Amino acid sequence: MGASGSKARGLWPFASAAGGGGPEAAVAEQALVRPRSRVVPPFVFTRRGSMFYDEDGDLAHEFYEETIVTKNGQKRAKLRRVHKNLIPQGIVKLDPPRIHVDFPVILYEV
């Protein structure tokens with residue numbers, strides 16, 4: 001319950017950032033974790049965009065088109081959601097950067 005992806009795989013990217021008595025203490029504390037050569041920053045600078053572009057180049061979360069429905073001789077307009085020909089927004093730069101969800105730190109306000 002609540003396990004993140006990095007913990008579930010047995011790799012903890014912030015093992016050296018936790019402090020303590022140096023890299024030997026971190027290795028002794030987490031003997032199953034392989035030491036990593038690269039340092040992972042605690043910040044996230046980009047994310048996947050949640051919006052889409054349509055054929056006209058408009059950007060939105062959802063697109064609808066108006067359709068005319070005839071029922072009992074009466075014309076009625078309905079909105080129908082568009083699912084086809086939408087292009088995902090892609091990678092979005094975050095300004096300011098966010099703290100990574102797996103970074104072991106407690107934030108508090110004084």
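All values reported here derive from a predicted model rather than from experimental measurement.
Of the possible donor and acceptor atoms, one in the side chain of Asp54 sits under 3.5 Å from a partner among the backbone N and O of Asp56. No donor-acceptor distance shorter than 3.5 angstrom exists from the side chain of Arg47 to the backbone of Phe45, with no hydrogens or angles considered.
Think of Leu59 as one node in a network of Ile, Leu, Val, Met, Phe, Trp and Tyr side chains linked at under 4.5 Å; its network also takes in Met51, Tyr53, Ile87.
Pairs of residues two or more places apart, or lying in two chains, never qualify as salt bridge (Lys or Arg N to Asp or Glu O under 4.0 Å) while including a residue from residues 66-75. Applying the salt bridge (Lys or Arg N to Asp or Glu O under 4.0 Å) test to every pair with at least one member in residues 77-88, sequence neighbours left out, gives these pairs: Glu62-Arg81, Glu65-Arg80.
Residues Val44 and Leu94 form a side-chain contact, since some pair of their non-hydrogen atoms from C-beta on lies under 4.5 Å apart. Two residues are said to be in side-chain contact when any heavy atoms from C-beta on lie closer than 4.5 Å; Arg48 and Val92 fail this criterion.
Taking OG from Ser50 and NE2 from His61, the interatomic distance works out to 4.0 Å, rounded to the nearest 0.5 Å. The distance from atom CZ of Phe52 to atom CG of Leu86, rounded to the nearest 0.5 Å, is 6.5 Å.
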